[in-house]
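When reading the values below, keep in mind they use all heavy atoms of this one structure, side chains included, and skip hydrogens, waters and symmetry mates.
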Amino acid sequence: MDNAISSHEPTPEERHRAARAVAGQAKDANELRELLAMLGLSPAEGRAPVPRPRRQPANRTLTIPELTEFFQRATAPA
């Protein structure tokens with residue numbers, strides 16, 4: 001089994017959730033500061049709302065270029 005540490009960089013949302021989880025378990029402000037520092041997180045990451053990526057509506061009308069690209073990808077040889 002490979003025990004290598006993943007090189008995955010956490011997303012802003014993951015960092016926000018981690019900071020919030022630590023804040024919920026810390027006994028006091030000093031402990032919170034220390035734990036966040038150990039994890040490379042800042043207190044601001046726990047406070048700031050994380051903007052969610054905007055998704056396109058599921059049932060929207062495709063433009064001609066989008067429709068053409070869709071069909072080209074769908075019919076392209078693998």
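- Taking CD from Glu69 and CZ from Arg73, the interatomic distance works out to 4.0 Å, rounded to the nearest 0.5 Å.
- Atoms OG1 and CZ, on Thr11 and Arg17 in that order, are 8.0 Å from each other to the nearest 0.5 Å.
- Across Ala23 and Leu32, no two heavy atoms sit closer than the pair CA-CD1, 3.5 Å.
- For the atom pair CZ of Arg47 and CZ of Arg20, the computed distance is 10.0 Å after rounding to the nearest 0.5 Å.
- Residues Phe71 and Ile64 do not share a hydrophobic cluster, defined by chaining ILVMFWY side chains whose heavy atoms lie under 4.5 Å apart.
- The CG atom of Leu41 sits 11.5 Å away from atom CD of Glu14, with the distance rounded to the nearest 0.5 Å.
- Shortest non-hydrogen contact noted between His16 and Glu45 is ND1-O, 2.8 Å.
- The shortest side-chain heavy-atom distance between Leu36 and Pro43 falls under the 4.5 Å cut-off.
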